[in-house]
Amino acid sequence: MQLHRSSGIRVVFIASVLALVFNSVGETPATAATSPSGPAPRAAQRPATGGRTQFGPHGSGSVIVWNEQGVPVSPDETALGTNRVVGIDLRTNQGFTIPPSGGEQRTPAISGSLVVWEDNRQSCPTCERDIRGKDLASETEFVVANGPVDQAEPAIWQQTVVWVEHDGAGARLISKNLATQATSVIVAVRVGTTISNPAITDNAVVWVEQTAEAKLVHSVIYAYDRTAKTTKVIARSNWSGLQIAVSGQHVVWNDPRLWVADLATGTASILEDEFTTAPTISGNVVVWSAHGTQPDHDFDIYGANLADGKQLPLVTGAGNQTQAQIVGNLLTWQDDAGIQGRVTWASLAQLWASAPERQHMLDQEASQNVTPAQVTDAVSFLNYTRPTYKGIHLPSSGQSGGIMYDGFYVNGAPCISTGCPIADGLGWPNAPFFGAMTVLQPELDSHWQTGRPAPYGPTEPDMLKNLQAQYGTRVIVRGYPEEAPNPQGNVNPADATQEVINLATGYDWIQNVQINNEPNIEWPSACTNCTWSSSGLTRVFSWYGMFDPNFFAAINTFYSDVWYELTYWKSNYSDPTIRAHLQSMKLWTPPMADSYRNLDNGQSMYVPLQNMITIYGDFLYHTYPSPSYDAVGGGLSNNSWPFFTSWLTTNIGNGSIPSMITEWGWNPGQMINCGLKQYSTWPASGACAAHDGVSHTLSHDVKYFLTTSQRHGAQAVTVWLMRGFDDKSEGIDQSGHPWPWFHAYQFSTP
């Protein structure tokens with residue numbers, strides 16, 4: 001039986017820890033950096049300008065540095081001036097900004113008195129970056145790496161800096177000795193694979209190489225021996241949110257379990273078997289974030305001592321507590337309890353002493369038979385006023401075979417000599433009148449036949465129009481294929497705008513349009529000088545990987561441009577009929593694919609997207625929970641929710657931003673790891689046991705999700721249901737008959 005935390009061992013993060021003044025710093029529970037001396041440390045304060053998010057703290061000796069980020073206030077404001085590196089010297093309690101002005105500064109790292117960061121003051125505000133540094137002792141600023149290619153993600157150990165360099169040919173991990181100025185390439189990869197998370201210690205450099213494939217991200221952790229100059233594989237994972245840290249001979253990472261490996265012996269073991277994020281290590285002390293006991297499973301911070309195996313809850317309470325770093329005798333972290341993230345620190349010894357020893361025991365919820373509150377799915381025929389809740393996501397035309405049922409292919413033809421098995425299996429005309437359907441734009445091509453007469457055919461658009469008109473089904477049409485900018489500048493917001501105009505021209509019934517889909521995995525994962533034009537403006541963005549903040553700044557600006565272009569055509573399109581249809585359409589944001597990384601899927605993703613979300617006035621998102629990590633009381637928690645910024649959760653929660661979940665299902669990576677499919681039963685015990693110790697079926701899990709607070713007011717939750725991708729996510733078998741889970745879901749309420 002899998003072991004889990006007991007809610008009884010949690011501690012509230014006491015007010016004295018958050019107070020402005022702490023007691024003197026004491027001994028750490030294990031070896032770490034030299035402890036700071038001088039006045040007792042104080043909690044970090046926001047700058048006088050206010051309204052800026054603090055995140056990503058790092059430290060060395062008595063100095064802590066972090067990023068501060070402002071939110072662009074107009075679509076024409078790019079990332080310029082919205083990010084800066086800020087720090088404080090705890091000996092003097094004096095704050096400082098590095099550098100004082102110019103360009104964008106991100107991702108600081110520090111060792112001793114040397115600080116390094118990404119900087120683009122020598123190029124356009126959203127283009128390639130350089131690595132710059134500053135010696136705080138001498139107040140001397142210097143260039144680590146520059147030039148026309150992109151240098152990013154610096155890490156530093158004493159006099160050695162490593163970073164990722166990217167150009168159109170691929171990516172390289174580069175090392176430089178600041179004392180000798182000697183530079184070497186540790187590894188190079190081709191386009192399609194990205195290098196991320198470089199980390200360095202006295203004897204090793206570690207990093208992650210990632211390759212995206214559909215909804216999976218294949219990751220490999222490598223370690224380079226700085227003395228022997230040899231490289232070896234530490235681990236492989238399909239977990240897209242994988243993060244790593246290194247100290248001495250130990251490497252830690254999450255998959256999402258917490259692992260620790262010994263570089264000297266090559267042995268690896270699981271330190272925590274539940275969902276974890278943002279691990280770090282200093283000496284023998286490992287710190288990470290994991291789901292807390294709050295209703296929305298906010299993240300709390302936990303620590304472990306590798307010397308004696310003791311594990312303790314260190315920082316708990318409302319909001320997400322993440323991105324912890326050990327700085328001498330201090331623990332510093334990112335507190336997201338407010339609208340803006342806030343860097344905070346406290347004595348690690350005090351946190352360690354005040355926390356009860358962490359115990360492992362069976363989760364008490366596992367023995368409870370939790371029955372979700374029922375929600376009445378009252379049908380209304382008044383133009384999408386029904387509480388839809390339940391939906392299905394139906395790709396995908398253009399793949400092998402012929403259409404049988406709303407995008408599903410069987411036997412290569414709409415019908416066979418004995419009938420139309422998918423339509424017959426679903427019991428037409430009585431099904432599947434879900435509250436919402438997400439369909440791809442290509443599925444509206446009139447040559448896709450349903451094999452049924454009117455009003456359920458003869459074409460798929462005829463069927464969808466009837467479902468919407470007669471049953472109040474909300475049909476959400478997704479712009480597709482994805483419009484992705486490139487260095488040639490031949491893909492522009494006007495292309496995505498034209499997709500919407502084509503829908504308004506060809507189909508008078510369409511009311512809900514999703515502007516493209518998951519650009520964070522469908523756009524190129526790296527691009528140098530991606531260029532587009534909109535309304536006489538030329539935009540140029542460069543990004544080096546799927547977790548680069550510049551990536552999301554580009555997405556924000558591109559789709560903000562789309563919104564403003566469509567706003568123009570709503571008033572100025574020459575054909576009055578099409579103009580009126582454009583005015584009646586509801587435009588929805590492109591959703592991001594889940595990344596399961598707190599910093600990347602939070603501050604660096606949704607802060608840059610805040611402007612886009614604001615002008616669209618709504619928000620779509622996808623979530624793929626896994627019963628192994630997200631099961632609670634016989635159902636599933638919303639594992640995307642804790643990664644959002646407080647600004648986003650607040651506005652979704654109070655109804656200011658309408659939302660829908662246009663893809664939902666079990667996590668594809670975990671299904672592969674466990675050999676399971678959406679029509680399997682997730683086991684209550686064994687290597688892939690459900691977190692709550694209860695066996696799970698997808699039909700029950702989605703019903704739980706729909707009828708509890710996990711939906712968070714989403715107007716629809718459309719279950720991923722597809723033919724032609726693979727059989728892990730199918731609801732219909734090869735003969736065109738529904739699997740039992742789909743049949744149960746089809747006729748459930750809601």
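From a predicted model like this one, the values you see are computed outputs, not experimental measurements. Counting begins at 1 with the first residue of the sequence.
In terms of modelled atom types and a separation under 3.5 Å, the side chain of Asn556 and the main chain of Met612 share a donor-acceptor contact. A donor-acceptor pair is defined here as one N or O able to donate and one able to accept, closer than 3.5 Å; no such pair exists between the side chain of Trp641 and the backbone of Asp298. Within the 3.5 Å criterion, the main-chain N or O of His712 finds no donor-acceptor partner in the side chain of Ser709. The closest donor-acceptor contact from the side chain of Tyr616 to the backbone of Tyr559 lies under 3.5 Å. Here the side chain of Thr589 pairs no donor or acceptor atom with the backbone of Pro591 at under 3.5 angstrom. Between the side chain of His700 and the backbone N or O of Gly634 there is at least one donor-acceptor pair closer than 3.5 Å. Lys390 places a side-chain N or O within donor-acceptor distance of the main-chain N or O of Ser748, the cut-off being under 3.5 Å. The backbone N or O of Ile613 sits nowhere less than 3.5 Å from a side-chain atom of Asp618 that would complete a donor-acceptor pair. In this structure a side-chain-to-backbone donor-acceptor pair under 3.5 Å is missing from Asn667 to Ser626. A donor-acceptor pair is defined here as one N or O able to donate and one able to accept, closer than 3.5 Å; no such pair exists between the side chain of Ser637 and the backbone of Asn639.
Rounded to the nearest 0.5 Å, atoms OG1 (Thr623) and CD (Gln710) are 9.5 Å apart. Note that the CE atom of Met660 and the CH2 atom of Trp588 stand 4.0 Å from one another [nearest 0.5 Å]. Atom NE2 in His291 sits 9.0 Å away from atom CD in Glu274 (nearest 0.5 Å). Within the model, atoms CD1 of Ile657 and CG of Asn651 stand 4.0 Å from one another, a figure rounded to the nearest 0.5 Å. Residue Trp741 holds its CH2 atom at 11.0 Å from CG of Asp701, rounded to the nearest 0.5 Å. Atoms CH2 and CG, from Trp664 and Asn638 in turn, are 10.0 Å apart once rounded to the nearest 0.5 Å.
Pairing each heavy atom of Gly635 with each of Asp692, the nearest pair is N-OD2, 3.9 Å. Minimum interatomic distance between Trp523 and Ala484 (heavy atoms only, all atoms of both residues): CD1-CB, 3.6 Å. Contact between Ser240 and Phe547 at its shortest, heavy atoms only, is O-CZ, 3.3 Å. Heavy-atom minimum distance, Pro519 versus Pro590: CD-CB, 4.0 Å. The shortest heavy-atom contact between Thr718 and Ala436 is CG2-CB, 4.1 Å. Pairing each heavy atom of Ala261 with each of Ile234, the nearest pair is CB-CG2, 4.1 Å.
Side chains of Ser656 and Asn654: a donor on one and an acceptor on the other come within 3.5 Å. Side-chain contact, His691 with Asp630: no donor N or O sits under 3.5 Å from an acceptor N or O. Defined by atom type and a distance below 3.5 Å, a donor-acceptor pair is missing between the side-chain atoms of Tyr629 and Asp273. With hydrogens and angles left out, the side-chain atoms of Asn197 and Trp253 include no donor and acceptor closer than 3.5 Å. Looking only at atom types and distance, the side chain of Asn517 has no donor-acceptor partner in the side chain of Glu482 under 3.5 Å away.
The side-chain contact (heavy atoms from CB on, under 4.5 Å) test applied to Ala496 returns Glu483, Asn516, Val562, not counting sequence neighbours. Shown here are the salt bridge (charged side-chain N to carboxylate O under 4.0 Å, His left out) partners of Glu663, two or more places apart in sequence or in another chain: Lys215, Arg478.
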Practice item. Show the numbers, then the answer: is there a side-chain contact (heavy atoms from CB on, under 4.5 Å) between Val251 and Val260? Key: CA-CA 6 Å; Val251 178; Val260 59; over 6 Å; no
Point to revise | From CA spacing to verdict: side-chain hydrogen bond (donor to acceptor under 3.5 Å, both in side chains), His622, Thr662 | key: CA-CA 6 Å; His622 297 162; Thr662 49; 2.9 Å; yes
Exercise for review: Would you please test Tyr389 and Val717 for side-chain contact (heavy atoms from CB on, under 4.5 Å) and show each step?
Suggested key: CA-CA 6 Å; Tyr389 305 148; Val717 178; over 6 Å; no
Practice item. Kindly indicate, with the supporting measurements, whether the criterion side-chain hydrogen bond (donor to acceptor under 3.5 Å, both in side chains) is fulfilled by Gln334 and Asp336. Key: CA-CA 6 Å; Gln334 178 181 320; Asp336 290 334; 3.1 Å; yes
Check your understanding: Does the side-chain hydrogen bond (donor to acceptor under 3.5 Å, both in side chains) test come out yes or no for Gln511 and Arg474, once each step is laid out?
Key -> CA-CA 8 Å; Gln511 296 295 316; Arg474 177 181 295 190; over 6 Å; no
Review point. So Met671 and Trp682, side-chain contact (heavy atoms from CB on, under 4.5 Å) or not? Walk me through it.
Key: CA-CA 9 Å; Met671 285 194 290; Trp682 205 289; 3.9 Å; yes
Check your understanding: Do Phe742 and Val719 pass the side-chain contact (heavy atoms from CB on, under 4.5 Å) test, and can you show the C-alpha distance, the side-chain angles, and the key distance before you say yes or no?
Key -> CA-CA 10 Å; Phe742 182 47; Val719 177; over 6 Å; no
Exercise for review: Begin with the C-alpha distance, continue with both residues' side-chain angles, and end with the deciding distance and a verdict on side-chain hydrogen bond (donor to acceptor under 3.5 Å, both in side chains) for Gln321 and Ser289.
Suggested key: CA-CA 7 Å; Gln321 314 295 326; Ser289 292; over 6 Å; no
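Relative orientation of the Phe643 and Phe275 rings is tilted, given thresholds of 30° and 60° on the angle between their planes. Using bins of under 30°, 30° to 60° and over 60° for the plane-to-plane angle, the ring pair Phe619/Tyr606 lands in the perpendicular bin. Ring orientation note: the planes of Trp207 and Tyr222 are close to parallel, at an angle under 30° on the 30°/60° scale. Using the six-membered ring where Trp is involved, Trp720 and His393 have ring planes that are parallel, under 30° apart on the 30 and 60° scheme.
Side-chain contact between Tyr621 and Met592: absent, with no pair of heavy atoms (C-beta onward) separated by less than 4.5 Å. Contact check for Asn520 versus Phe552: side-chain heavy atoms found under the 4.5 Å cut-off. Counting heavy atoms from C-beta on, the side chains of Tyr624 and Pro668 come closer than 4.5 Å. By the 4.5 Å heavy-atom criterion applied to side chains, Leu620 and Gln514 are counted as neighbours. Using a 4.5 Å heavy-atom cutoff, the side chains of Ser628 and Cys688 are in contact. Between Val189 and Thr194, the closest side-chain pair of non-hydrogen atoms is not below 4.5 Å. Annotation: side chain of Trp288 is not in contact with side chain of Ile301 (no heavy-atom distance under 4.5 Å). In this structure, the side chains of Val208 and Ile195 stay at 4.5 Å or more apart for every pair of heavy atoms.
Applying the side-chain hydrogen bond (donor to acceptor under 3.5 Å, both in side chains) test between Ser219 and each of Arg236, Gln243, Gln210, Glu209 identifies Gln210 as the sole match. Of the options Thr276, Val252, Asn254, Val286, a side chain to side chain contact (heavy atoms under 4.5 Å, CB included) to Leu271 is made by Val286 and by none of the others.
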